[in-house]
Visitor: 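I'd like to ask you about the structure that follows.
Just so it is clear, the model here is predicted, and its values are computed rather than measured. FYI, the numbering just counts along the sequence from 1.
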Amino acid sequence: LRRQRQMCIRDRVMALKNRKVLIIIGGGISAYKSLDLIRLLKKNGAEVKTVLTRSGKEFVTPLSISTLTKSKTFDFGAPVFLFEYIASDI
């Protein structure tokens, strides 16, 4: 049973390898938890892109997100089109 559980965990981790994940961070207490989620996804090999809403900026900063993702964070206050940002690496 223990070996099966270890294999299951390994399969889940491998499922994230080289996956692209888009996280949209809105305002709310869960914005803080998004930083942990980004860290765990990156640790397991996922490529993470983030979008930060205006209200999300009240809880986390674009710098902290960019540091974790090692890529720029789209900010709704910036004069960039969202679809161009998302499609830039597809």
Side-chain angles (χ1 to χ4, degrees):
L1 182 66
R2 186 177 213 178
R3 184 179 173 115
Q4 288 176 341
R5 184 173 182 191
Q6 287 176 344
M7 290 178 63
C8 182
I9 292 171
R10 187 177 334 132
D11 291 341
R12 288 180 186 168
V13 169
M14 292 305 291
L16 291 173
K17 194 80 170 161
N18 299 322
R19 294 285 182 154
K20 294 182 179 183
V21 179
L22 174 67
I23 299 176
I24 300 173
I25 303 168
I29 197 69
S30 61
Y32 292 114
K33 288 292 188 179
S34 67
L35 299 176
D36 290 333
L37 176 62
I38 292 167
R39 183 183 56 79
L40 290 171
L41 288 169
K42 292 293 285 183
K43 181 180 176 182
N44 290 305
E47 179 184 335
V48 180
K49 286 195 164 214
T50 52
V51 176
L52 183 61
T53 65
R54 287 184 189 107
S55 56
K57 285 173 113 177
E58 296 177 19
F59 295 90
V60 293
T61 64
L63 180 61
S64 60
I65 297 168
S66 295
T67 301
L68 288 173
T69 61
K70 296 185 175 64
S71 66
K72 70 178 189 174
T73 298
F74 177 79
D75 179 3
F76 272 110
V80 180
F81 294 103
L82 176 61
F83 295 111
E84 289 179 7
Y85 171 77
I86 295 170
S88 66
D89 281 336
I90 295 177

Visitor: For residues Lys57 and Pro62, report the shortest heavy-atom separation together with the two atoms involved.
Guide: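 Closest approach of Lys57 to Pro62, heavy atoms only: CE-CG, 4.1 Å.
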Visitor: Can you see which heavy atom on Gly27 is nearest to which on Ser55, and at what distance?
Guide: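 Minimum heavy-atom contact is N-OG, 3.2 Å.
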Visitor: Main chain of Ile25, side chain of Thr53: is a donor-acceptor contact present, judged purely on distance under 3.5 Å?
Guide: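 Indeed, once roles are kept as given, a pair shorter than 3.5 Å links the two residues.
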Visitor: Between Tyr32 and Leu40, is there shared hydrophobic-cluster membership here, with clusters defined by ILVMFWY side-chain heavy atoms closer than 4.5 Å?
Guide: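 Tyr32 and Leu40: separate clusters.
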Visitor: Can you name the nearest heavy-atom pair linking Val48 to Lys42, along with the distance?
Guide: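 Heavy-atom minimum between the residues: CG2-CD, 3.9 Å.
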Visitor: Give the minimum heavy-atom separation between Ile38 and Leu68, together with the two atoms involved.
Guide: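 That closest heavy-atom pairing would be CG2-CB, 3.8 Å.
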Visitor: Given the rule in the side chain to side chain contact (heavy atoms under 4.5 Å, CB included) test, do Leu41 and Ile23 qualify, once you have shown the distances and angles that lead to the verdict?
Guide: CA-CA 11 Å; Leu41 288 169; Ile23 299 176; 3.8 Å; yes
Visitor: Can you measure from OG1 (Thr73) to CD1 (Ile65) and round to the nearest 0.5 angstrom?
Guide: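 If we round to the nearest 0.5 Å, Thr73:OG1 and Ile65:CD1 are 5.0 Å apart.
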Visitor: Going from CZ on Phe74 to CD1 on Ile24, what distance comes out if it is rounded to the nearest 0.5 angstrom?
Guide: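 It comes to 10.0 Å.
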Visitor: Whether the side chain of Ser34 engages the backbone of Ala31 through a donor-acceptor N/O pair (distance < 3.5 Å, no angle test) should be reported.
Guide: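 Present.
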Visitor: Between Leu35 and Leu63, is there shared hydrophobic-cluster membership here, with clusters defined by ILVMFWY side-chain heavy atoms closer than 4.5 Å?
Guide: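 The answer is no; the residues belong to distinct hydrophobic clusters.
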